[in-house]
Amino acid sequence: TNTVKIWVPVVNEGLLDAASVRLGFYRRVGGSDTLLREQGINFLPGGTVAQLGPFEFTQAEWGTGVLVVKVDANDTASECDEDDNELVLG
């Protein structure tokens, strides 16, 4: 089986602490996202970085789509910049 391991740096660029935020991995096919795995971030102080992982995915999970990482996909954290919460890994 082909697998890939991914580590994700999550940055809190704000001045306020972040608590109970979700990190999600999605398979995107034709503009539709399917949740593959989710990880909670209990607490991330303002101005800090957390290195999360490794997260391992098989070729069957990833499928024919692209892998997308989203932080706060449910938009529960109060943020100044909502445009930096998604990364398309390919």
- With hydrophobic residues grouped by side-chain heavy-atom distances under 4.5 Å, do Trp62 and Leu87 end up in a single group? yes

- Message: Grouping I, L, V, M, F, W and Y whenever their side-chain heavy atoms are under 4.5 Å apart, do Val11 and Leu16 come out in a common cluster?
- Response: no

Considering non-hydrogen atoms only, spot the tightest contact between [X] and [Y] and give its length.
X     : Y     : value
Ala50 : Leu44 : CB-CD1, 3.7 Å
Pro9  : Val49 : CB-CG1, 4.2 Å
Pro54 : Lys5  : CB-CB, 4.3 Å

- Sequence neighbours left out, what passes salt bridge (charged side-chain N to carboxylate O under 4.0 Å, His left out) with Arg37? Give chain and number order. Glu61

- Do Lys70's NZ or CZ and the ring of Tyr26 fall within the cation-pi criteria of under 6.0 Å and 45°? yes

Does some side-chain heavy atom of [Y] sit less than 4.5 Å from a side-chain heavy atom of [X]?
X     : Y     : value
Phe55 : Leu23 : yes
Glu38 : Phe25 : no
Val10 : Leu52 : yes
Leu89 : Val68 : no
Leu67 : Leu36 : yes
Asp17 : Phe43 : yes

- Note on the structure: Those residues at least two apart in sequence (or on a different chain) that pass side chain to side chain donor-acceptor pair (under 3.5 Å) with Asn12 are none

- Side chain of Ser32, backbone of Val29: donor and acceptor closer than 3.5 Å? no

